[in-house]
Amino acid sequence: MASIVTNPGSMNFRMDTGEISGGKTLYKNSSLGSVKGTASAEVLAEIAVKAEAVLPWPVEQVTLRRSEILVY
């Protein structure tokens, strides 16, 4: 019988530095690894809010990267 196993993931924070270079806005990225792969959206939002509080620039976007493995 086959199953799908979710691995731990990472949250990536895209931060607006407020700087312009060559007519383009500069962004910094920060990642938070080993995020529980099966965590709900509510739990991940709580993590994002707490992480934003300690990051040096305003967070513009948070992306979640997870991977799943097919076990057969």
> If every non-hydrogen atom of R66 is compared with every non-hydrogen atom of A39, which pair is closest and at what distance?
Replying inline: NH1-O, 3.4 Å

>> Nearest 0.5 Å, please: how far is CD in Q61 from CZ in F13?
In response: 11.5 Å

>> Please report the interatomic distance CD(E42) to CD1(I47), rounded to the nearest 0.5 Å.
In response: 12.0 Å

>> Show the nearest heavy-atom pair for residues V59 and V62, with the distance to one decimal.
In response: CG1-CG2, 3.7 Å

> Taking the side chain as C-beta and beyond, is there a heavy-atom pair between I4 and I69 under 4.5 Å?
Replying inline: no

> Between S31 and N12, what is the shortest heavy-atom contact and its length?
Replying inline: OG-OD1, 2.5 Å

> Rounded to the nearest 0.5 Å, how far does OG1 of T63 lie from CZ of R14?
Replying inline: 10.0 Å

> Where is the tightest heavy-atom contact between T17 and W57, given as atom of each residue plus distance?
Replying inline: CA-CD1, 3.6 Å

> Are the side chains of P56 and M15 in touch, meaning some heavy atoms are under 4.5 Å apart?
Replying inline: yes

> Is M11 reachable from V43 through a run of I, L, V, M, F, W or Y residues, each pair having side-chain heavy atoms under 4.5 Å apart?
Replying inline: yes

>> A side-chain contact here means heavy atoms from C-beta on lying under 4.5 Å apart; do E68 and V5 qualify?
In response: no

> From K28 NZ over to S30 OG, what is the distance, rounded to the nearest 0.5 angstrom?
Replying inline: 11.5 Å

> Just how far is it from atom CD of E60 to atom CG of N29, taken to the nearest 0.5 Å?
Replying inline: 10.5 Å

> Looking only at heavy atoms, which two atoms of D16 and T25 are closest? And how far apart?
Replying inline: OD1-CG2, 3.5 Å

>> Applying a strict under-4.5 Å side-chain criterion to I, L, V, M, F, W and Y, I'd like to know whether L64 and Y27 cluster together.
In response: no

